[in-house]
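Below: one structure, written as structure tokens.
These figures come from a predicted structure and were not determined experimentally. Throughout, protein chains are lettered first and strands after them, A, B, ... in sequence-line order, and every chain is numbered starting at 1.
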Amino acid sequence: MGIHNLAKLIADFAPSAMKEQEMKSYFGRKIAIDASMCIYQFLIAVRSDGAQLANEDGEVTSHLVGLFYRTIRMIDNGIKPAYVFDGKPPDLKSGELVKRKERRQEAEKELEKAKEAGDTENVQKFERRLVRATPQHNEDCKKLLKLMGIPYVEAPGEAEAQCVALVNGDKVYGVGTEDMDALTFGTKVMLRQPHTSEAKKLPVQEYSFNKVLEGLNLSHEEFIDLCILMGCDYCGTIRGIGPKRAIELIQKHKNIEAVLENIDQKKYPPPEGWLFKQARELFKHPDVTPAEDIELKWTDPDEEGVVDFMCKRFGFNEERIRNGCQKLKKGRKGATQGRLDSFFTVVANKSSNKRKAEEMNGKKSKKAKGSFKKRK
DNA sequence: ACTCTGAGTCAAGACGGT
DNA sequence: ATAATTGACTCAGAGT
DNA sequence: ACCGTCC
């Protein structure tokens with residue numbers, strides 16, 4: 001579940017690390033997005049009378065509805081999304097996954113019960129809890145993105161980590177996510193909910209990694225240890241240590257080893273065989289494809305292809321789909337234009353460097369980060 | 001009294017006409 | 001073959 | 001801003 005309470009901790013201890021921006025200020029920006037998470041959310045949220053949208057044959061379309069319109073909305077605002085699909089979860093996560101599986105089986109039983117009792121309210125409740133993105137859903141989305149001219153990346157491991165690699169390798173400006181893990185992986189910039197802002201009139205929250213470290217007065221390594229102490233997906237935590245104590249302890253002792261030496265382990269018992277070192281390694285050197293090996297290209301949509309896929313196969317309204325394709329074409333031109341404009345108008349802005357690097361995509365390849373590829 | 005943890009529960013999108 | 005989320009909120013109870 | 005509808 002990401003890092004427990006990290007958003008709150010940053011709000012309390014490093015408030016200047018987050019600034020709120022208008023959606024408009026991201027015109028021309030490239031953003032990396034965890035596709036698997038979006039798909040999951042669409043499958044849960046896009047419903048009618050509690051049931052997912054589907055074509056006549058009963059094939060689910062909720063994920064396609066959501067992805068199609070959200071992507072268009074972003075392009076329409078001059079934001080260029082690149083989607084990242086999950087690969088294999090790291091082995092360290094299996095403990096967490098076992099728990100989730102148990103919860104799932106629990107929900108399945110409850111669902112059966114509710115069905116037999118004819119309790120429609122509970123049936124819906126537990127059906128939602130059982131939702132998951134299948135390989136088929138993922139394939140549908142990849143196909144749609146390809147036809148729309150939107151790039152995507154297949155990550156070897158966690159999508160979130162791959163997004164961060166794209167940011168820090170200057171392929172995109174930031175990660176667009178709800179998941180605070182991105183900061184633990186060290187993303188220079190993280191944007192929360194860059195898509196809903198306009199619909200709900202909420203500003204985009206932009207987190208700066210350097211300012212987080214500054215505000216908390218920690219190095220990246222110390223920050224990773226802090227996140228582990230607060231609770232991540234990869235290992236347990238010390239009972240009795242939450243955000244407040246965790247930050248105090250890390251600021252004082254600098255790392256988990258030293259914390260362990262300085263606390264009363266009877267009062268604060270660490271987990272048996274605690275794998276915090278492995279978790280730390282995972283955050284430091286996640287299994288990702290190096291950014292310089294990835295090329296992201298946004299192109300005009302293949303309108304006939306999109307219509308064929310969405311309308312013929314999935315029964316979407318052709319007028320709406322064509323309308324969307326037009327927006328994609330228009331938005332693309334606008335974004336190219338806008339990026340140049342803002343380059344000249346935002347003269348004294350530090351971020352113009354960043355912007356430049358983003359533009360130069362891969363020309364000067366970064367120094368290789370040692371070969372820490374994970375093998376399993 | 002106050003602070004904090006940790007367990008459990010919940011809800012989750014976007015469009016277009018009015 | 002097979003899997004597959006997350007954050008916000010509340011509340012009880014333990015610790016300081 | 002609300003609400004029925006999207007498929």
With respect to the side chain of [X], which nucleotide from [options] is positioned closest?
X	options	value
A:Thr61	B:dA12, D:dC7, C:dA3	D:dC7
A:Ala7	D:dC7, C:dA8, C:dT5	C:dA8
A:Phe314	B:dA12, C:dT6, D:dC7	D:dC7
A:Glu178	D:dC7, B:dG6, C:dG7	C:dG7
A:Lys244	C:dT6, B:dA12, B:dC4	B:dC4
A:Pro135	D:dC7, C:dA4, C:dT5	C:dA4

For A:Tyr40 and for A:Asn5, locate the closest nucleotide of DNA chain C by heavy-atom distance; then report the residue assigned to the nucleotide nearer the 5' terminus.
->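 Nearest nucleotide further toward 5': that of A:Tyr40.
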
Please figure out whether A:Arg132 or A:Arg245 has its closest DNA chain C nucleotide nearer the 5' end.
->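 Result: A:Arg132.
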
Can you sort out the partners of A:Phe13 under ring pair (Phe, Tyr, Trp, His ring centres under 6.0 Å), two or more places apart, ordered by chain and number?
->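 Partners of A:Phe13 under the ring pair (Phe, Tyr, Trp, His ring centres under 6.0 Å) test: none.
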
How long is the line joining CD of A:Glu318 and C1' of D:dC6, in whole Å?
->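 Taking CD of A:Glu318 and C1' of D:dC6, I get 16 Å after rounding.
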
Nearest-Å distance, CG (A:Leu43) to C1' (B:dA11)?
->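 Checked: the CG to C1' distance equals 15 Å.
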
Under 4.0 angstrom, heavy atoms only, what part of the nucleic acid is A:Ile241 near: base, sugar-phosphate, or nothing?
->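 Sugar-phosphate contact only - A:Ile241 comes under 4.0 Å of backbone atoms but never of a base.
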
Base, sugar-phosphate, or nothing: which does A:Thr134 touch, judged by heavy atoms less than 4.0 Å apart?
->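 Touches a base.
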
Using a cut-off of less than 4.0 Å, is there contact between a side-chain N or O of A:Arg192 and OP1 or OP2 of C:dA8?
->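 Yes, within the criterion.
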
Side-chain donor-acceptor contact under 3.5 Å, [X] with [Y]:
X	Y	value
A:Asp140	A:Gln136	yes
A:Glu206	A:Tyr173	yes
A:Glu154	A:Gln162	no

Given A:Lys284 and A:Glu281, is the salt bridge (Lys or Arg N to Asp or Glu O under 4.0 Å) satisfied, shown in steps?
-> CA-CA 5 Å; A:Lys284 270 197 216 173; A:Glu281 184 60 19; 5.2 Å; no

Of A:Lys19, A:Met190, A:Met18, the residue whose pairing with A:Gln205 passes side chain to side chain contact (heavy atoms under 4.5 Å, CB included) |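 With A:Gln205 as partner, side chain to side chain contact (heavy atoms under 4.5 Å, CB included) holds for just one option, A:Met18.
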
Can you spot which of A:Asn255, A:Ile224, A:Leu218, A:Ile228 makes a side chain to side chain contact (heavy atoms under 4.5 Å, CB included) with A:Ile250?
->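 For A:Ile250, the side chain to side chain contact (heavy atoms under 4.5 Å, CB included) check succeeds only for A:Leu218.
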
Considering only atom [atom1], compute the distance from [N] to [M] and round it to an integer number of Å.
N	M	atom1	answer
D:dC6	B:dT9	C1'	29 Å
B:dG13	C:dG7	P	14 Å
B:dC15	C:dA4	C1'	29 Å

Would a 4.5 Å heavy-atom cut-off, applied to side chains only, mark [X] and [Y] as touching?
X	Y	answer
A:Lys188	A:Asp170	yes
A:Ile10	A:Leu183	yes
A:Ile241	A:Val259	no

Go along nucleotides 13-18 of chain B 5' to 3' and tag each nucleotide: B for a protein heavy atom under 4.0 Å from its base, S when only backbone or sugar atoms are that close, - otherwise.
-> BSS---

What are the residues of residues 251-273 of chain A, sorted by number, that bring a heavy atom to within less than 4.0 Å of DNA chain C?
->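 Result for residues 251-273 of chain A: A:Lys267, A:Tyr268, sorted by number.
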
